[in-house]
Amino acid sequence: GNQSGTINSDIKPGAKGKVKLPITYSALQKLEINVYKESDVAVDQYVFDQSKPTLGEQSEVTEFFKWSTTGPAQIVECSKLKINISNENLIISDSSGNEILNGWPCLMLIPLNNTGDTQMTKNTPEYGLFSSTASNRRIEAIEMKKHNSSVTITLKESFTEAVGRTVMTVFADGRIELGYDYKMLTEANYRQWGMSFTLPETMNSLSWKRKGLWNAYPENHIGRNEGTAKLFYGHTECGLAGPAVKPTWDYCQDQTKFGSNDFRSTKRNILQASLQTENSAGIMVVSDGLQHLRCWFMDKKIHLLVAEYDNPGTERFLRVHSVNFDQPLKQGQAISGKINLQLLNSR
């Protein structure tokens, strides 16, 4: 809570000892321990969170959808949201008319590569964003099942790398349940794979909570367990070799045209994450700590990847460790995932 204090102990390195805190266990919510030794800089830090997670009770959906058509598009709407479905596009808007999702979700398969080099010389080329979706998409069929308070859309499709389907159920209370399963037609070692979504560029604030490798991180660390990041912070964009002059801001706020380091870095093992506009319109991903999330800005849209698999990559100093995470996909292998979303302006 709001209590704090200092305890001095005489426990030798490698030995065990006990210290007593002047608080009761029943009153304990979050305990932060900083360890110092002859310095103002902590040599270790721990955070023990005893608070229980807040569980939202799922209420019964009582509102019904209304159906209509506009040209080739089918319109599904209620007081909380609106869905525009056509062969070319899928648009989901919230209760205030804000577009939230704009485009069919798409399978993303990002292979490991060995390109890139040190960017410390003026002759180094500028590398683009290596985050393309699966290639040569061909939508074979779009099927819909209409229910009073939900609609289920099945997208059957093929890519050069895989063939399969995505099934999305949208409920009248703003919940979206998405499941996908594909069979690999090729084989490769991947950096990340999962399902990607496109959102308007106004969704420029990312908040998250995740299960980190450690329970304590610096407040400005891009891998902290929870936080909020802006797409851009208004600083000068980094050059090929980083900032041209010593920055007055934190590393997490360094930015390229694809977004800030804080915004576009992968958040592993998420429990929940949300993208929002300044007026709080947005969407939340609800997970179980086994999925990973990454966002970036490109082509005047925000891109959101919910990944079932994430590899640290092929950066040469890290590769000796990241090879232990490799899970190559073979031809004929099945891949699948389930994603739970919630429109934030529709509850």
Side-chain angles (χ1 to χ4, degrees), residues 61 65 67 70 72-108 131 133-134 137 139 142-146 149-157 165-180 194-208 231 259 263-264 270 272-287 291 293-308 337-347:
V61 183
F65 275 134
W67 290 78
T70 301
Q74 295 205 49
I75 309 299
V76 192
E77 56 188 324
C78 63
S79 65
K80 298 181 180 296
L81 59 93
K82 179 179 179 181
I83 314 169
N84 186 307
I85 307 167
S86 67
N87 292 336
E88 291 74 28
N89 203 6
L90 172 73
I91 301 174
I92 300 180
S93 305
D94 67 11
S95 56
S96 299
N98 303 295
E99 283 191 10
I100 305 298
L101 295 179
N102 189 332
W104 289 107
C106 190
L107 180 67
M108 180 165 275
S131 292
T133 58
R137 184 181 204 178
I139 297 178
I142 301 173
E143 301 173 355
M144 282 184 290
K145 290 185 178 180
K146 304 176 183 179
S149 300
S150 66
V151 54
T152 299
I153 308 167
T154 300
L155 194 68
K156 297 180 180 179
E157 57 186 353
R165 66 174 188 169
T166 293
V167 180
M168 175 187 293
T169 300
V170 183
F171 296 89
D173 62 357
R175 286 182 298 123
I176 302 173
E177 295 178 356
L178 183 145
Y180 61 93
M195 190 62 59
S196 68
F197 304 84
T198 54
L199 303 89
E201 60 182 317
T202 51
M203 302 283 182
N204 53 18
S205 179
L206 169 66
S207 299
W208 71 92
L231 174 60
F263 187 89
R264 61 190 180 89
I270 59 167
Q272 65 181 48
S274 60
L275 280 166
Q276 291 180 264
T277 65
E278 292 182 357
N279 63 1
S280 299
I283 194 165
M284 175 184 292
V285 182
V286 182
S287 190
Q291 294 175 313
L293 180 138
R294 183 164 62 86
C295 303
W296 65 96
F297 177 69
M298 189 170 63
D299 298 330
K300 297 183 178 181
K301 289 185 178 182
I302 299 295
H303 297 260
L304 164 66
L305 167 64
V306 180
E308 293 294 321
K338 293 183 179 180
I339 300 172
N340 293 309
L341 306 171
Q342 173 70 53
L343 300 190
L344 296 178
N345 249 14
S346 300
R347 291 184 174 181

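The basis for the numbers below is simple: all heavy atoms, side chains too, and nothing from hydrogens, waters or symmetry mates. All values reported here derive from a predicted model rather than from experimental measurement.
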Where is the tightest heavy-atom contact between [X] and [Y], given as atom of each residue plus distance?
X	Y	answer
Cys106	Thr133	SG-CB, 3.7 Å
Ser93	Leu343	O-CD1, 4.1 Å
Ile139	Asn87	CD1-O, 4.3 Å
Leu344	Ser280	CB-O, 4.1 Å
Pro105	Leu155	O-CD2, 4.4 Å
Ser95	Ser79	CB-O, 3.5 Å

Exercise. Indicate whether any N or O donor in one side chain lies under 3.5 Å from an N or O acceptor in the other, for Asn102 and Asn89.
Key: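 Indeed, the side chains of Asn102 and Asn89 share at least one donor-acceptor pair under 3.5 Å.
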Quiz item: Going by distance alone, is a donor N or O of one side chain under 3.5 Å from an acceptor N or O of the other, for Ser96 and Asp94?
Solution: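 Result is no, nothing qualifies.
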Rounded to the nearest 0.5 Å, what separates atom [atom1] in [X] from atom [atom2] in [Y]?
X	Y	atom1	atom2	answer
Met144	Trp67	CE	CH2	5.5 Å
Leu231	Met203	CG	CE	12.5 Å
Glu77	Phe65	CD	CZ	10.0 Å
Leu304	Leu341	CG	CG	7.5 Å
Trp104	Glu88	CH2	CD	10.0 Å
Asn84	Leu101	CG	CG	13.0 Å

When you compare the side chain of [Y] with that of [X], does any pair of heavy atoms fall below 4.5 Å?
X	Y	answer
Glu99	Ile91	yes
Ile75	Lys82	yes
Thr277	Asn98	no
Leu293	Leu206	yes
Phe171	Glu177	yes
Phe197	Val306	yes
Leu305	Ser131	no
Glu157	Thr166	yes

Quiz prompt | Donor-acceptor under 3.5 Å (His303 side chain, Ser196 main chain) | solution =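 Flag not set: sc His303 to bb Ser196 has no pair under 3.5 Å.
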Self-check item: Short side-chain to backbone donor-acceptor contact, Gln291 and Lys338, under 3.5 Å
Solution: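 Yes, because the side chain of Gln291 sits within donor-acceptor range (under 3.5 Å) of the backbone of Lys338.
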Exercise. May I have the step-by-step check of side-chain contact (heavy atoms from CB on, under 4.5 Å) for Arg165 and Glu143, ending in yes or no?
Key: CA-CA 11 Å; Arg165 66 174 188 169; Glu143 301 173 355; over 6 Å; no
Practice problem: Apply side-chain contact (heavy atoms from CB on, under 4.5 Å) to Tyr180 and Ile339, showing your working. | Solution: CA-CA 9 Å; Tyr180 61 93; Ile339 300 172; 4.2 Å; yes
Quiz item: Should Met168 and Ile176 be marked as a side-chain contact (heavy atoms from CB on, under 4.5 Å) after you check the CA-CA gap, both sets of side-chain angles, and the distance that decides it?
Solution: CA-CA 7 Å; Met168 175 187 293; Ile176 302 173; 3.7 Å; yes
Exercise. Run the salt-bridge test on Asp299 and Lys301 with the 4.0 Å N-O cut-off and return the result as yes or no.
Key: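 Salt bridge absent between Asp299 and Lys301.
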